[in-house]
Amino acid sequence: MKTTESETASWLDGAALHEIVRKYDARAGDPVQVAEVLDKAMEMKGLGKEDVTVLCGVSDPELIARMYETARRIKDEIYGHRLVFFAPLYISNFCGNECTYCAFRKSNKDLIRHALTQDQIRKETEILIDQGHKRVLLVAGESYPGGLQYVLDSIGTVYSVKHNNGEIRRINVNIAPLTHKEFCDLKAAEIGTYQLFQETYDREVYAKVHPSGTKKDFDWRATAIDRAMMAGIDDVGLGVLFGLADWRYEMLALMSHIEHLEDRFGVGCHTVSVPRIEPAHGSDLASSPPRPVSDEDFKKITAILRMAVPYTGLIMSTRETAKMRKETYNLGVSQISAGSRTNPGGYADADAEGHVDESQFQLGDHRTLEEVVKDAAEMGYMPSFCTACYRLGRTGDDFMDLAKAGDIKHKCGPNSVGTFLEYLIDYAGPETVTVGEAILEKEMSEMEERDRDVSRKIIKAIRKGKRDVFC
Ligand code: SAM
Ligand code: SF4
């Protein structure tokens with residue numbers, strides 16, 4: 001297949017999308033239309049762009065409540081009570097770009113820059129393992145000392161650490177766009193998901209907030225996921241940085257991106273992230289975003305995405321406050337980070353808040369992993385540290401086929417039970433164990449008989465001291 005290094009994102013028709021938003025604005029929230037779209041959403045086959053526009057226009061509280069209820073039912077049906085946990089691992093904050101919302105931008109001379117040594121990365125990994133993490137999201141600014149090899153070495157280092165009973169079993173990566181050849185090298189390093197946020201799909205706004213550096217080139221970024229998939233990375237993650245442009249336009253553009261990937265590769269994205277702009281050191285724009293997204297609209301975004309792409313993981317980071325995160329669990333979020341730091345070396349740093357003058361942006365949720373896990377379990381959610389799918393080759397369309405047939409829960413259920421039990425035995429304090437064991441039992445009692453049998457076998461092995469048991 002041809003590589004895409006000179007391609008443009010021709011699948012994105014910005015003018016047409018702005019027109020759809022304008023047209024639907026005029027009849028926003030028509031209850032009959034909304035009801036039709038919600039019925040369609042319940043079929044769990046996803047929604048099209050026009051459906052999404054109808055939902056974006058809803059403002060009547062009663063209709064919003066119905067939207068949220070539909071998203072909740074879809075989440076329940078597909079993901080049950082599970083919430084998968086991960087932590088970001090920032091390896092470097094050097095950057096050659098000038099994103100006006102980000103503290104890592106090149107011209108921010110007050111930022112203290114670090115690129116972690118492999119020894120420091122080993123130390124950060126040990127700390128994350130000691131907290132109970134099994135998957136990390138490796139993150140860096142766009143300028144590594146030593147080029148991509150530095151990232152590849154860092155991935156190798158993280159995977160090599162065996163510490164007490166644990167290890168990191170899946171490394172997802174969020175780094176700047178690469179060439180086809182470089183994506184092949186990244187694939188060979190056995191990454192899980194390659195994530196890249198377009199930031200904004202509005203070309204004009206994009207140009208304003210990315211005045212210089214490689215990232216200035218909208219199409220190089222918008223076609224990066226194609227290059228990644230052509231290089232064989234079939235779990236990819238998309239995202240929009242909400243607050244830069246009209247969020248309804250961004251939702252339609254995101255849908256266009258997903259539809260393009262489905263058309264071209266037979267499978268869309270594995271995850272969608274919904275970062276909202278947070279204050280960042282030295283950035284006026286980050287403190288006062290041009291198109292701020294209200295909390296109510298942010299919840300709508302989450303619910304609409306759950307309905308629009310029901311089998312795609314929805315990631316909620318610690319940019320959001322504990323309160324907001326908790327409200328969105330119910331609306332369709334399936335993966336959350338916890339105990340995060342956005343400064344390289346932040347885990348080894350004794351300062352619990354992290355250093356503002358080294359961090360990418362401010363966090364909204366400062367709780368430890370254990371606090372978030374315990375709280376989620378008390379709310380009735382089932383924390384999961386599962387990494388089984390990609391290690392068993394269930395990626396890309398293989399994963400989607402299983403998910404769409406409704407079969408993935410027979411894997412996710414037992415695997416969440418197993419990995420959560422590992423967490424409780426190896427890392428949790430007594431209070432978390434009490435809450436956690438109760439949730440485990442409840443989860444088992446609600447499973448189909450065959451899944452309960454598999455779970456019992458996994459539990460037995462783990463209680464006997466075996467680790468990393470999965471199906
Ligand atoms: N430097 C690479 C890039 O830009 O693609 C890698 C990832 S960057 C470190 C991670 C993401 O952080 C960016 O894609 C952007 O969406 C997000 N980000 C940057 N500044 C932010 C801010 N002030 N608030 C929230 N998220 C921000
Ligand atoms: Fe650099 Fe990424 Fe921050 Fe832009 S968002 S300044 S590319 S780290």
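One is the number of the first residue; the rest follow in order along the sequence. Order of listing sets the numbers, starting from 1, for every ligand and every atom in it.
- Distances from atom 26 (N) of ligand 1 to the heavy atoms of R319, K215, Q362 show the closest one on R319.
- Atom numbering of ligand 1 starts at 1 in the shown order; those under 4.0 Å from a heavy atom of V139 are 9 (C).
- Ring geometry, F218 versus Y206: the interplanar angle exceeds 60°, so the pair is classed perpendicular (tilted spans 30 to 60°).
- Counting heavy atoms under 4.0 Å from ligand 1, residue C102 touches it through both backbone and side chain.
- Summary of contacts: the protein heavy atom closest to atom 7 (C) of ligand 1 is N174 OD1, 3.0 Å.
- In terms of protein heavy atoms, atom 18 (N) of ligand 1 is closest to Q360 NE2, 3.7 Å.
- Ligand 1 places these atoms under 4.0 Å from at least one heavy atom of I277: 24 (N), 25 (C).
- Look at K374 and E378 and you find a salt bridge, because one of the NZ, NE, NH1 or NH2 atoms lies within 4.0 Å of a carboxylate O, short of that distance.
- Ligand 1 has a nitrogen or oxygen under 3.5 angstrom from a nitrogen or oxygen of A140.
- Looking at R169, K134, K162 one by one, the single match for salt bridge (Lys or Arg N to Asp or Glu O under 4.0 Å) with D468 turns out to be R169.
- Using a 4.0 Å cut-off between heavy atoms, R221 contacts ligand 1 through its side chain alone, with no backbone atom that close.
- Between R325 and E327 there is no salt bridge, since no side-chain nitrogen of the basic residue lies less than 4.0 Å from a carboxylate oxygen of the acidic one.
- Within ligand 1, the atoms closer than 4.0 Å to a non-hydrogen atom of R276 are 24 (N), 25 (C), numbered from 1 in the order shown.
- Distances from atom 1 (Fe) of ligand 2 under 2.8 Å pick out these protein N/O/S atoms: C95 SG.
- Looking at ligand 1, you'll find an N or O of E199 within less than 3.5 Å of one of its N or O atoms.
- For ligand 1, the atoms sitting less than 4.0 Å from at least one non-hydrogen atom of A280 are 23 (N), numbered in the order shown with element in parentheses.
- Between K181 and D185, at least one side-chain N (NZ, or NE/NH1/NH2) sits under 4.0 Å from a carboxylate O, which counts as a salt bridge.
- Here the protein heavy atom with the shortest distance to atom 24 (N) of ligand 1 is E278 N, 2.9 Å.
- The aromatic rings of F385 and F420 sit parallel to each other, their planes meeting at less than 30°, with 60° as the upper class boundary.
- Here E69 does not pair with K75 in a salt bridge; the nearest charged N to carboxylate O distance is not below 4.0 Å.
- A salt bridge does not link K323 to D295: none of the charged nitrogens lies less than 4.0 Å from a carboxylate oxygen.
- The residue E98 has no part lying near ligand 2, judged by heavy-atom distances below 4.0 Å.
- No salt bridge links D119 with K123; every basic N to acidic carboxylate O contact stays at or beyond 4.0 Å.
- Residue, atom and distance of the protein heavy atom nearest to atom 27 (C) of ligand 1 are F361 CD2, 3.6 Å.
- Ligand 1 places these atoms under 4.0 Å from at least one heavy atom of L196: 5 (O).
- With a 4.0 Å heavy-atom cut-off, ligand 1 is reached by no atom of N97.
- Salt bridge status for R341 with D349: absent, with no side-chain N to carboxylate O gap under 4.0 Å.
- D202 and K208 are not joined by a salt bridge, as no carboxylate oxygen comes within less than 4.0 angstrom of a charged side-chain nitrogen.
- A tilted orientation is assigned to the rings of H260 and H257, their planes being inclined by 30° to 60°.
- Between the side chains of S340 and T318, at least one donor-acceptor pair of N or O atoms lies under 3.5 Å.
- Taking a cutoff of 4.0 Å between a charged side-chain nitrogen and a carboxylate oxygen, R221 and E199 qualify as a salt bridge.
- Distance from atom 20 (N) of ligand 1 to its nearest protein heavy atom, with residue and atom name: Y101 CD1, 3.4 Å.
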